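Worksheet: one structure, shown below.
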Amino acid sequence: MSSISIAGAGAFGAALAVALAQAGRKVTLWARDPAQVAQMRETRENPRLPGVLLPENVTLTTEAAALAGGAVVLLAVPMQALSGFLQEHGAVLDGRPLVACCKGVDLASGLGPTAIIARNCPAATPAVLTGPSFATDIAQGLPTALTLACADPVGPALQEQLSTPVLRLYRSTDTTGTELGGALKNVMAIASGIVMGAGLGESARAALITRGFAEMLRFARARGAEAETLAGLSGFGDLVLTCTSEQSRNFRYGRALGQGAYFDPRITVEGAATARAVAALAQAQGIDMPVTASVAHVIDGRRSIAEAVKALLSRPLKEE
Ligand SMILES: NC(=O)C1=CN([C@@H]2O[C@H](COP(=O)(O)OP(=O)(O)OC[C@H]3O[C@@H](n4cnc5c(N)ncnc54)[C@H](O)[C@@H]3O)[C@@H](O)[C@H]2O)C=CC1
Ligand SMILES: O=C(CO)COP(=O)(O)O
């Protein structure tokens with residue numbers, strides 16, 4: 001029985017733990033907060049996944065050293081926490097496959113998760129697991145398909161280790177395209193939420209998703225990704241899911257912006273920091289990213305939504 005370690009016991013880390021344990025894997029799930037671990041040990045539930053029991057073969061720990069027992073380690077902390085997590089604990093994790101399960105671009109460095117892994121754990125094999133999947137769906141055992149990207153020949157073995165009868169992984173070697181698909185779709189989900197919250201209509205949302213996808217493709221290709229990757233689960237697939245579902249936190253955050261409503265700042269919204277990071281990278285490299293720039297402007301209060309919409313609609317007419 002292969003053993004899998006998961007760092008980060010939020011909604012996604014816990015959901016993956018449930019899915020993999022139910023498929024017979026021995027799972028070690030790490031969280032930094034001793035009170036949260038004590039509560040999960042007692043109730044066998046994760047507060048973000050009410051009603052879902054953590055199987056017996058999930059061991060809960062606050063000791064990062066215990067993660068080193070896994071043949072594979074999944075990194076399910078939020079993107080902006082990944083660098084700090086690996087600076088603190090990378091030494092015990094180095095030398096094995098480290099699979100980033102977070103979506104975004106690090107604001108401080110402009111790097112994606114695989115580059116953050118490589119920088120902190122030079123002997124590790126970086127990989128990415130991402131695609132259209134709400135944690136609650138995975139935890140309930142609903143059918144889900146994800147992309148597992150790894151540039152190393154160990155990719156097929158990882159795919160086997162992390163697939164289950166209901167969690168179907170497709171393999172890729174394009175780590176750049178795969179991680180950018182997951183990062184950029186969150187920015188578009190915020191934009192989509194803004195459109196709906198501001199009452200701009202479903203036609204405007206369809207236009208936004210389509211032009212947003214063109215922009216995702218432009219940015220990813222400029223950074224060496226393959227266009228086909230962006231047309232897959234971790235680009236198009238996750239874009240469709242999060243731009244159209246009220247379950248998406250990025251969508252709900254955008255909708256609150258569009259409505260001028262309050263949004264709880266404790267909720268993880270990966271697209272906010274990523275919009276800022278990508279807008280800065282695109283500007284520095286001369287890549288046209290009007291939707292991303294508008295999202296960054298609105299989030300930072302540099303433009304009202306009305307101003308952002310006016311600016312987008314008054315761009316010079318062009319070929320599709
Ligand atoms: N929730 C979902 O449906 C899905 C989430 N993801 C991705 O998974 C990643 C994690 O998201 P969620 O689990 O949903 O977030 P969450 O908000 O449910 O949980 C985040 C967890 O990370 C912990 N954490 C925060 N900062 C930390 C740090 N510095 N060191 C260690 N732990 C830290 C928090 O205590 C919390 O337990 C994100 O990148 C998200 O995009 C991917 C697919 C689905
Ligand atoms: O990435 C996700 C689904 O694939 C989850 O989306 P949110 O982070 O917007 O909730």
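The model shown is predicted, which means the values in this text are computed figures rather than measured ones. All ligand and atom numbering here is 1-based and tracks the order in the structure.
- Annotation for ligand 1: atoms under 4.0 Å from non-hydrogen atoms of Cys102 are 39 (O).
- Residue-ligand proximity, Val77 to ligand 1, at heavy-atom distances under 4.0 Å covers atoms 31 (C), 32 (N).
- If you check which protein heavy atom lies closest to atom 7 (C) of ligand 1, you get Cys101 O, 3.6 Å.
- Atoms of ligand 1 lying under 4.0 Å from at least one heavy atom of Pro78, given by number and element, are 20 (C), 22 (O), 24 (N), 25 (C).
- Comparing Arg48, Arg32, His89, Lys103 by heavy-atom distance to atom 26 (N) of ligand 1, the nearest is Arg32.
- Residue, atom and distance of the protein heavy atom nearest to atom 11 (O) of ligand 1 are Arg249 NH2, 4.1 Å.
- Protein heavy atom at the shortest distance from atom 13 (O) of ligand 1 is Phe12 N, 2.9 Å.
- With values rounded to the nearest 0.5 angstrom, Glu270 atom CD is found 8.0 Å from Met79 atom CE.
- Protein residues with a heavy atom closer than 4.0 Å to ligand 2 are Lys103, Gly131, Pro132, Ser133, Phe134, Lys185, Asp238, Leu241, Thr242, Ser248, Arg249, Asn250, listed by chain and number.
- The CE atom of Met188 sits 10.5 Å away from the CD1 atom of Ile209 when rounded to the nearest 0.5 Å.
- From the protein, the heavy atom lying nearest to atom 10 (C) of ligand 1 is Ala76 O, 3.6 Å.
- With hydrogens left out, the protein atom closest to atom 41 (O) of ligand 1 is Glu270 CG, 3.5 Å, a heavy atom.
- The hydrophobic cluster containing Phe236 also contains Leu208, counting ILVMFWY residues as joined when their side-chain heavy atoms lie under 4.5 angstrom apart, directly or transitively.
- For the pair Ile190 and Tyr253, the minimum side-chain heavy-atom distance is below 4.5 Å.
- Nearest protein heavy-atom contact of atom 17 (O) of ligand 1 is Thr268 OG1, 2.5 Å.
- Those atoms of ligand 1 that come under 4.0 Å of a heavy atom in Ser133, given as number and element, are 3 (O), 43 (C), 44 (C).
- Protein heavy atom at the shortest distance from atom 29 (N) of ligand 1 is Ala81 CB, 3.3 Å.
- Taking CG from Leu167 and CG from Asp137, the interatomic distance works out to 11.5 Å, rounded to the nearest 0.5 Å.
- Remark: ligand 1 atoms within the under-4.0 Å shell around heavy atoms of Trp30 are 31 (C).
- For Arg302, the CZ atom sits in a packed shell: over 12 heavy atoms of surrounding residues, nucleotides or ligands are nearer than 6.0 Å.
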